[in-house]
Amino acid sequence: ADGLARLQAAEFLYEASLFPDAEYTFKHALTHEVAYGSLLQDHRRALHARAVTAIEGLYPERLAEHVERLAHHALRGEVWEKAVPYLRQAGLKAIEHSAHREAATSFEQALDAVQHLPESRARTEQAIDLHLDASGATGSMGRRAKGTEHAREARLLAETLGDERRLGRALSRLGMEAWMAGDPERALELAQRALVLATAHDDVTLQAWAALRLGIIWQTIGDYRRVTEYLGRVAEALQGDRRYERLETGVLTSVFARDRLAWCLAELGEFAEAMARADEAVRVAHEIDHPSSLVVGYRSLGLVSLRRGDLMQAIPPLERSVELCRTIPVPALFDVSAAYLGYAYALSGRLREGVALLEEALSDPGSTGIANHSLFLAHLGEAHLLAGRRDDALAVARRALDLAHRQKERGNEAWVLRLLGEIAAQADPPDLESAQAHYGRALARADELGMRPQAAHCHLGLGQLYRRTGKRQEAQEHLTTATTMYREMDMRFWLDQAEAELAELR
């Protein structure tokens, strides 16, 4: 007490708090650095170790509140048997707040610390868990290569140990990385193997993770109906306390499942059910106020309105999603939210903002992955076309078509083919043969996959093309079909366009 009083009188320290306990802090950071740096290494290490014991003694019932300080002191005090669990707890706590950078640092420090423990099965198990934790955190930060490296190391250790539960988790994580790298076949293989192991060991958490990842992959390759049936069951299973189970990235599994359900239902034109699932996603994320899950929930809400053409309803939640992405930040989630918002801006006439945001969303595939980038490229191409930059639109559409083919993204291919039809239709004069061919292929793909809104867009495009080229009967047929479909799905934005085109024929 006398020492503290002298330091306070000399203005080196000041009282930061009196209740519930007296707390002192340095008045200047430089003073702290000099004082700390003057300690001999052994003395410094001993003081850190004593700090761990002191905190544990002072707050035995409140260790979770002080886990970051415990991790800090245990690491620097080289109290390895305590450093590993405290660092992991600190990382998991950071994930709860979507602080992925801090989480990754904690997990990787724990991996360094675990090497100082005696060799044992328990040490290897801890290392596997930490590699999987680190894979999710680094992947969310956009460090895709590092995330894959951690997942591969977890797989090797699990295979060496013969631990099928942890092997399943590593395979599930590797499946996600393969999907983001644009390899859906490999991703499916890994996710299916993970689900087999999860089922064999009755690991319900891993079953949900693997099932969700299968749904995400099927959505990307355009198997929308299968996803709605499959993920519908997953979402229903994640009730009660299971609503708050998290993926390695921190996003709530139940929120991500509902997001993908809403996405697929919107592509199928089932907007009422899609909106219900999106509302559920936002509500669950709000229940624990989890930032990354809110990003996903808000973008889901915006997407459904965007696909239906309710642009004024779509923009606010998408803006909120992008704002949260920039605040956290979460590169792995940013591209989807930003691409949708950019597309909504473009359709609403805010072309400069829309193109800029779409280009930003597509600027760093190394961080965000390239799954679904063909779709976002199609949205960028359409924004260019709306802005009168037909050559730019064509160049982007060709890139998108090549990517969709390579990654077997059949639903996204329908979007790109329709865009190519619109580009040909807006040539001067219209390239009738090319436009018909692309619209026809897009319509066939949309019908195959049950994409009713996309099919309606194709009928509208063909109707507009035939009206401009004097083919009145064909125009009447396609515009009537488009009008009927839009009315059935309550897609007022495009219904008004189709009805205006029909009026021009009269």
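The first residue in the sequence is number 1, and the count goes up from there.
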Item to complete: May I ask you to check whether Tyr486 and His457 place their ring centers less than 6.0 Å from one another?
Response: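 Ring-ring flag for Tyr486/His457: true, centres closer than 6.0 Å.
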
Practice prompt. Nearest 0.5 Å please: distance from the SG atom of Cys325 over to the CZ atom of Arg299.
Written response: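 Spacing of SG (Cys325) from CZ (Arg299) equals 8.0 Å.
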
Worksheet item: So, Tyr298 versus His286, ring centres under 6.0 angstrom or not?
Response: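 Aromatic pair counts; centres sit under 6.0 Å.
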
Worksheet item: Is His97 atom NE2 crowded by more than 12 heavy atoms from other residues, nucleotides or ligands, each under 6.0 Å away?
Response: no

Worksheet item: CZ of Arg352: more than 12 outside heavy atoms within 6.0 angstrom?
Response: no

Discussion item. Going by the rule side chain to side chain donor-acceptor pair (under 3.5 Å), which residues pair with Tyr230 if we only count those two or more places apart in sequence or in a different chain?
Written reply: none

Worksheet item: Got a sec: does the CZ of Arg152 have more than 12 other heavy atoms crowding it under 6.0 Å?
Response: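 12 or below, so no.
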
Discussion item. Does Val416 form a side-chain contact (heavy atoms from CB on, under 4.5 Å) with Arg398? I'd like the steps, not just the answer.
Written reply: CA-CA 8 Å; Val416 181; Arg398 286 171 174 165; over 6 Å; no

Worksheet entry | Check against side-chain contact (heavy atoms from CB on, under 4.5 Å), Thr368 and Phe376 | CA-CA 12 Å; Thr368 60; Phe376 308 148; over 6 Å; no

Worksheet item: For the atom pair CG (Leu394) and NE2 (His384), what is the distance rounded to the nearest 0.5 Å?
Response: 11.5 Å

Practice prompt. Starting from the C-alpha separation in whole Å, work towards a yes-or-no answer on side chain to side chain donor-acceptor pair (under 3.5 Å) for Ser172 and Arg213.
Written response: CA-CA 8 Å; Ser172 175; Arg213 278 156 183 168; 2.6 Å; yes

Worksheet item: Would the number of heavy atoms belonging to other residues, nucleotides or ligands and lying under 6.0 Å from CD of Gln239 be above 12?
Response: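 Yes, because the 6.0 Å sphere around CD of Gln239 holds more than 12 heavy atoms from other groups.
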
Discussion item. Applying side-chain contact (heavy atoms from CB on, under 4.5 Å), can you list everything that pairs with Arg225, at least two apart in sequence or on another chain?
Written reply: Thr228, Glu229, Leu268, Glu270

Worksheet item: CZ of Arg389: more than 12 outside heavy atoms within 6.0 angstrom?
Response: yes

Worksheet entry | Non-neighbouring partners of Glu409 that pass side chain to side chain donor-acceptor pair (under 3.5 Å), sequence neighbours left out |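 Checked Glu409 against side chain to side chain donor-acceptor pair (under 3.5 Å); matches are Ser374, Gln407, Asn412.
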
Item to complete: Give a yes or no on this: more than 12 heavy atoms of other residues, nucleotides or ligands lie within 6.0 Å of atom CZ of Arg350.
Response: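 Yes, the 6.0 Å shell around CZ holds more than 12 heavy atoms from other groups.
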
Fill in: Validation row: Leu265, Phe271 side chains within 4.5 angstrom (heavy atoms)
no

Worksheet entry | Partners passing salt bridge (Lys or Arg N to Asp or Glu O under 4.0 Å) against Asp364 (at least two apart in sequence or in another chain) | none

Worksheet item: Taking Arg246 as the fixed residue, which of Ile288, Leu92, Val255 is the one that meets the side-chain contact (heavy atoms from CB on, under 4.5 Å) rule?
Response: Ile288

Worksheet entry | Under the side chain to side chain donor-acceptor pair (under 3.5 Å) test, residues paired with Thr220 that sit two or more places apart |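 Side chain to side chain donor-acceptor pair (under 3.5 Å) check on Thr220 returns Trp179.
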
Item to complete: Evaluate the criterion side-chain contact (heavy atoms from CB on, under 4.5 Å) for residue pair Trp263 and Leu231; output intermediate values, then yes/no.
Response: CA-CA 11 Å; Trp263 185 328; Leu231 286 190; over 6 Å; no

Worksheet item: What pairs with Arg320 under side chain to side chain donor-acceptor pair (under 3.5 Å), at least two apart in sequence or on another chain?
Response: Glu323

Worksheet item: For the side-chain contact (heavy atoms from CB on, under 4.5 Å) test, which of Val196, Leu195, Asp202, Leu197 pairs with Thr199?
Response: Leu195

